[in-house]
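Letters go in sequence order (proteins before strands), and every chain restarts at 1. Here the structure is a predicted model, which means the values were calculated and not measured.
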There are 2 protein chains.
Amino acid sequence: MARQGSYPKGVAKREEILEKALEVVARVGYSGTTVRQLADAVGLTQNGLLYYFGSKENLFVEILRHRDRLDDIAYGGHEGDSGDMGEGMAKFIRHNTDVPGLVQLHAGLTAEAISPEHPAHAYFQERYEVFRARGADTVRTLQAAGKIPGSVDAESLATIMLAVVDGLQTQWLYDPRIDMTEHFLRFWDQVGKLAAPEGISR
Amino acid sequence: MARQGSYPKGVAKREEILEKALEVVARVGYSGTTVRQLADAVGLTQNGLLYYFGSKENLFVEILRHRDRLDDIAYGGHEGDSGDMGEGMAKFIRHNTDVPGLVQLHAGLTAEAISPEHPAHAYFQERYEVFRARGADTVRTLQAAGKIPGSVDAESLATIMLAVVDGLQTQWLYDPRIDMTEHFLRFWDQVGKLAAPEGISR
DNA sequence: GTCTATACCTAGATAGAC
DNA sequence: GTCTATCTAGGTATAGAC
């Protein structure tokens, strides 16, 4: 079907829209942003823009996917460095502090897409699953290395960690004085202490 | 100004609307619910309903306040029983499992009301503050009783606990197989273990 | 004080011209 | 690939009946 975007111009415009949209969302906030505003920002009419993404929701999902790709490169922390799981997460959180618009978009869409019919539902559902699975894997690696006790349930810890990150972001959005990174590190510290309580090794 | 609702009939109708709205939201979901549907459910026109609450958002905030009052009575856990902080929370979470519509409403509005201009913003902001303060107080009580080490920052633990609850709810909304209560209890268990690591008291 | 009817506005989506 | 025109849905404001 010769997918749209196969022509250089279209591809470039798509990119431009993604970039600008991010800027606008960052400034205006997610719920406040309308398609028209975004269209204005790139010199298109509403429908000129929708031609590229089909719908508002689709555009926003694309923004998040775009971010995921970038983050995955920057903070992926795939191979090897699982010893620094906490520090990797902390870096990621710290980075998020600089892009409140994105965080708001993420939080907003997450909530909106809870109904299974929502166009963005699959994206988030899958994202949660992937992150939980990855997290659990890393935890198991840490357990094998003796950094986390084997008694801890890997899936559960991964789930809780994700919850902490999500939850802290919400609170931060309501009160930017809240230091997400610090709170997360305190949480992670406690997890670490479980392995080596009060300097007693066993 | 002779506030509306000073007449018995109005008061009763308000109650009825609140109840029915809850039912509808529970069934249709938050984002799917329209004012017209709610109006139909209580045998009013759209504007007949809006007469009572002014706007859609206002109505929803009222629903949440209403729930807060009920929950506060049922799971408030104010005086004395702070020793069971975790169990109290767990009960609350377990209860939420039975009212997914409410949880969805809460999650949806929380995200939507992040912009400071949103009519529900103040409600959530204040709620977070109150819950953090209350939680921190309880933590301090537990510390005084030696159930949590003094080295833990009470505010931080309260913040994290709130985050865990919020975050678990989101994941649960995306996948009801996730056992929020169990995950929360695991989390809380670990907190407890910090005080008595591996049976070593100090 | 309680409620209806009407009219209005915003915002997203669709169809078809260019 | 982009625009104009048009449609629809849903929330809101106002006037006034009961």
Side-chain angles (χ1 to χ4, degrees), chain A residues 1-21 24-25 28-63 105 108-109 112-113 115 117-121, chain B residues 1-21 24-25 28-63 105 108-109 112-113 115 117-121:
Chain A
M1 342 180 174
R3 166 175 170 60
Q4 69 185 45
S6 19
Y7 283 68
K9 185 180 177 189
V11 175
K13 200 71 184 174
R14 259 182 99 89
E15 280 299 315
E16 192 196 339
I17 294 170
L18 249 22
E19 300 284 323
K20 288 279 185 188
V24 175
V25 171
V28 184
Y30 163 63
S31 16
T33 306
T34 71
V35 176
R36 261 175 254 264
Q37 285 173 56
L38 299 176
D40 286 353
V42 289
L44 282 180
T45 63
Q46 181 190 201
N47 308 58
L49 191 155
L50 281 192
Y51 161 74
Y52 286 100
F53 296 93
S55 76
K56 188 193 184 186
E57 273 96 5
N58 249 312
L59 165 57
F60 285 139
V61 175
E62 285 310 313
I63 294 178
L105 170 59
L109 250 197
E112 227 182 273
S115 0
E117 306 82 34
H118 193 285
H121 186 80
Chain B
M1 336 178 173
R3 165 174 172 62
Q4 68 184 47
S6 20
Y7 280 65
K9 184 183 178 186
V11 175
K13 200 72 185 172
R14 259 182 100 90
E15 280 299 315
E16 191 195 340
I17 294 171
L18 250 21
E19 298 285 323
K20 288 278 184 189
V24 176
V25 170
V28 185
Y30 164 62
S31 15
T33 306
T34 70
V35 175
R36 260 176 258 262
Q37 284 174 56
L38 298 176
D40 285 353
V42 289
L44 281 183
T45 63
Q46 185 187 198
N47 306 54
L49 192 155
L50 283 193
Y51 160 73
Y52 286 101
F53 296 95
S55 76
K56 188 192 184 187
E57 273 94 5
N58 250 313
L59 164 57
F60 285 137
V61 174
E62 283 311 311
I63 294 178
L105 169 60
L109 250 197
E112 229 182 273
S115 1
E117 305 82 33
H118 194 285
H121 186 81

Between [atom2] on [N] and [atom1] on [X], what's the gap in Å once rounded to a whole number?
{"X": "B:Phe53", "N": "D:dT12", "atom1": "CZ", "atom2": "C1'", "value": "17 Å"}
{"X": "B:Leu38", "N": "D:dT12", "atom1": "CG", "atom2": "P", "value": "12 Å"}
{"X": "A:Leu50", "N": "D:dA5", "atom1": "CG", "atom2": "P", "value": "18 Å"}
{"X": "A:Leu59", "N": "C:dA11", "atom1": "CG", "atom2": "C1'", "value": "15 Å"}
{"X": "A:Asp40", "N": "C:dT10", "atom1": "CG", "atom2": "C1'", "value": "15 Å"}

Under the side-chain hydrogen bond (donor to acceptor under 3.5 Å, both in side chains) rule, collect the residues that match up with B:Glu16, sequence neighbours excluded. B:Lys13
Can you name the side chain to side chain contact (heavy atoms under 4.5 Å, CB included) partners of A:Gln46, sequence neighbours left out? A:Val35, A:Arg36
Among residues at least two apart in sequence or on other chains, which ones pass side chain to side chain contact (heavy atoms under 4.5 Å, CB included) with A:Ala113? A:His118, A:Ala120, A:Phe124, B:Tyr174
Check B:Gln37 against B:Gly32 and note the closest heavy-atom contact, atom names and distance. NE2-O, 3.3 Å
Straight-line distance of A:Thr34 OG1 to A:Asp40 CG, nearest 0.5 Å: 7.5 Å
When the side chains of residues 53-63 of chain A are checked against the rest of the protein, which donor-acceptor pairs come out under 3.5 Å, sequence neighbours left out?
unit_1	atom_1	unit_2	atom_2	d
A:Ser55	OG	A:Asn58	N	3.2
A:Lys56	NZ	A:Thr33	O	3.3

Strictly below 4.0 Å: does B:Lys56 bring a side-chain N or O up to OP1 or OP2 of D:dG11? yes
Show each protein N/O and nucleotides 4-7 of chain C N/O combination with a separation under 3.5 Å, one pair to a line.
unit_1	atom_1	unit_2	atom_2	d
C:dT4	OP2	B:Thr45	N	2.9
C:dT4	OP2	B:Thr45	OG1	3.0
C:dA5	N6	B:Asn47	ND2	3.2

